Number of protein chains: 2
Amino acid sequence: MVRGVKRRDYAQYCGIARALELVGERWALLVVRDLTVRPRRYTDLQEGLRGIPTNVLSTRLKELEQAGIVERRVAPAPRRGVVYTLTEVGRALEPALIALGRWGSSQLGEPQPGYVASPDGAVLNLRGAFQPSEAAGLTASWELRLGDTVIHARLADGALTSGLGPVEDGADLVITARFEEGEPPAYRSFVKAAREGRVDLDGPRELFDTFLRVFTYPQACERDLPTPR
Amino acid sequence: MVRGVKRRDYAQYCGIARALELVGERWALLVVRDLTVRPRRYTDLQEGLRGIPTNVLSTRLKELEQAGIVERRVAPAPRRGVVYTLTEVGRALEPALIALGRWGSSQLGEPQPGYVASPDGAVLNLRGAFQPSEAAGLTASWELRLGDTVIHARLADGALTSGLGPVEDGADLVITARFEEGEPPAYRSFVKAAREGRVDLDGPRELFDTFLRVFTYPQACERDLPTPR
DNA sequence: CTGCATCCTCCGCGATACTG
DNA sequence: CAGTATCGCGGAGGATGCAG
């Protein structure tokens, strides 16, 4: 069926409304979040977005593809299959994702039992926590171990690159969080553990203090949200 | 009924997911958009969000209030009634709104017939178009007339303030757009008119060129989106 | 095994009518 | 002016089937 996707729109000529028409539907921005970190296959996305129904994922991918945000291509020789990537337009959503993540992080309560945390989420939340003003001129690299999840951050003269897995040529400091029972491997939990000293370090301790300054925002406007039962 | 709001959640311990749980539902961010510019009453919101069903607006306001984003209060003496305001938490959403608006503006096609544009949207999209690097050190003020909508921008040593209505003590330059038939009074249309010279100026012309530099982004990643029929 | 399509249920949204 | 009440529909959630 090639019926011309009759999406609901807001009938407003406004950038914000347009953005919400394109990526405002349920799960859409989380799909983009995961793809921002690296290309993924269908089943990777299913795992990262625990709980997404298969038909919804399939629908979102088609919509995002038609909107020019996602590209679908068949993977080469080893481990063939379909791989989804962001287009240039899709990558341009990262500042919005980071801004939303900054705000949302301040609204996170305690982790609920059953909550999961995807590695991709951790990377994006790390980027959201980044404070450029504190990083000016710095050059260093960190490897963060959140349970099985390993992510890294590297500063080159104050500029940040970050992603999944370890730093290629070895990090200046490896920080391993000692999570408590039931603490999900989320960036927020990592920061909490770090602040409380529940970490093991492999590298100069001063770089740990630097990390805390550069990669954590003030826990300002936190609130006790009424916990949904 | 006081049933404990059983919102659907993403069951992820991630700032982005949390943000989407709180403001990801239909119309929610547009309500916040309008309230970002100034406090509004119920009927003001209905008008700015043309097409929102009354029960949905009512539901969103309750949810946003319970999330600590919106405050509901009874207005004082003259013109009593209910007025909705953003809390500090709600105001903290502005960077995310601006980032979404920047991205969405690049994805706006031609205005469809029937599309409207709210003054609040124009203000937020103006803020999104602001290029701090181009404004460094500048001090000046502009009044923009988009049909009946009047908004203003004022730079004080590179810092921006903006809002609805004219500048209080008179703008350095008043720019009146000459809209074509059917062009909605959106910021994007204003920029288009300005670029094409369809404006009347009241003030020094050089300030017009400054305006174009400071308040319009490169029309980069535009695309011809398949126009929904 | 991956990458979906299909089926069914149910809730949220849209539209309209009506009330304190 | 500021909502509530009602109803129909479409899309989300969840389970399962199935082709390459």
Side-chain angles (χ1 to χ4, degrees), chain A residues 1-3 5-12 17 20-21 23-31 34-35 39-65 70-85 114 228, chain B residues 1-3 5-12 17 20-21 23-31 34-35 39-65 70-85 114 228:
Chain A
M1 76 107 181
V2 200
R3 290 285 301 109
V5 198
K6 197 186 63 83
R7 310 280 305 278
R8 274 183 305 189
D9 59 34
Y10 288 108
Q12 295 202 10
L20 294 175
E21 286 170 8
V23 294
E25 300 195 61
R26 199 158 158 74
W27 294 104
L29 269 183
L30 292 182
V31 172
D34 282 14
L35 292 178
R40 321 284 319 240
R41 340 173 99 244
Y42 190 90
T43 39
D44 298 334
L45 290 168
Q46 271 196 73
E47 193 193 355
L49 309 172
R50 193 91 63 89
I52 188 174
T54 70
N55 56 350
V56 172
L57 177 53
S58 148
T59 305
R60 285 301 99 87
L61 284 169
K62 263 178 245 163
E63 291 164 350
L64 291 171
E65 190 186 357
V70 155
E71 226 166 7
R72 177 202 147 103
R73 57 176 65 160
V74 176
R79 211 154 172 272
R80 285 166 307 137
V82 181
V83 170
Y84 294 93
T85 323
Chain B
M1 73 111 183
V2 199
R3 289 285 300 103
V5 197
K6 199 186 64 87
R7 311 279 306 279
R8 274 184 304 190
D9 58 35
Y10 288 108
Q12 295 203 8
L20 294 175
E21 286 171 7
V23 294
E25 301 194 59
R26 198 157 161 75
W27 294 103
L29 269 183
L30 293 183
V31 171
D34 283 14
L35 291 179
R40 319 284 321 239
R41 340 174 103 245
Y42 191 89
T43 39
D44 298 334
L45 290 168
Q46 270 195 70
E47 192 192 358
L49 307 172
R50 194 89 63 91
I52 188 174
T54 70
N55 56 349
V56 172
L57 176 54
S58 151
T59 305
R60 286 301 97 89
L61 285 169
K62 263 177 246 162
E63 291 164 350
L64 291 170
E65 190 187 355
V70 156
E71 226 166 9
R72 176 203 146 103
R73 57 175 66 161
V74 176
R79 209 150 175 276
R80 283 165 309 137
V82 181
V83 171
Y84 293 93
T85 324

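Numbered from 1 within each chain, the chains take letters A, B, ... in sequence-line order. Values below: all heavy atoms of this structure, side chains included; hydrogens, waters and symmetry mates excluded. Predicted model only: the values in this text are computed from it and were never measured.
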How close or far is atom [atom2] of [N] from atom [atom1] of [X], stated in whole angstroms?
X: Leu49(A); N: dG14(D); atom1: CG; atom2: C1'; value: 16 Å
X: Glu25(B); N: dC13(C); atom1: CD; atom2: C1'; value: 11 Å
X: Glu63(B); N: dG3(D); atom1: CD; atom2: P; value: 14 Å
X: Lys62(B); N: dG12(C); atom1: NZ; atom2: P; value: 14 Å
X: Arg60(A); N: dG13(D); atom1: CZ; atom2: P; value: 9 Å
X: Tyr10(B); N: dA12(D); atom1: OH; atom2: P; value: 10 Å
X: Leu57(A); N: dT2(C); atom1: CG; atom2: P; value: 14 Å
X: Asn55(A); N: dG17(D); atom1: CG; atom2: P; value: 16 Å

Between [X] and [N], is there a side-chain N or O to OP1/OP2 distance below 4.0 Å?
X: Arg26(B); N: dG14(C); result: yes
X: Trp27(B); N: dG12(C); result: no
X: Tyr84(B); N: dG3(D); result: yes
X: Arg72(A); N: dC4(C); result: yes

Matching residue for Pro39(A) among Val70(A), Asp44(A), Thr85(A), Asp34(A) - test: side-chain contact (heavy atoms from CB on, under 4.5 Å): Thr85(A)
Residue mapping more 5' on DNA chain C - nearest nucleotide basis, Asp44(A) or Thr59(B):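 In this pair, the answer is Asp44(A).
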How close do [X] and [Y] get, heavy atom to heavy atom, and via which atoms?
X: Arg26(A); Y: Arg60(A); value: O-NH1, 2.8 Å
X: Leu49(A); Y: Leu30(A); value: CD2-CB, 3.7 Å
X: Gln12(A); Y: Ala17(A); value: CB-CB, 4.0 Å

Arg41(A) side-chain proximity, nearest of dT6(D), dG3(C), dT6(C): dG3(C)
Candidate nucleotides dT4(D), dT2(C), dA12(D), ranked by approach to the side chain of Thr43(A) - the nearest: dT2(C)
No-H, no-angle donor-acceptor pair, Thr54(B) side chain to dA15(C) base, under 3.5 Å: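 Check fails, no donor-acceptor contact within cut-off.
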Approximate separation, where rounding is to 0.5 Å, of Tyr84(A) OH and Glu71(A) CD: 12.0 Å
Residue whose closest nucleotide on DNA chain D lies nearer the 5' end, Ile52(A) versus Ser58(B): Ser58(B)
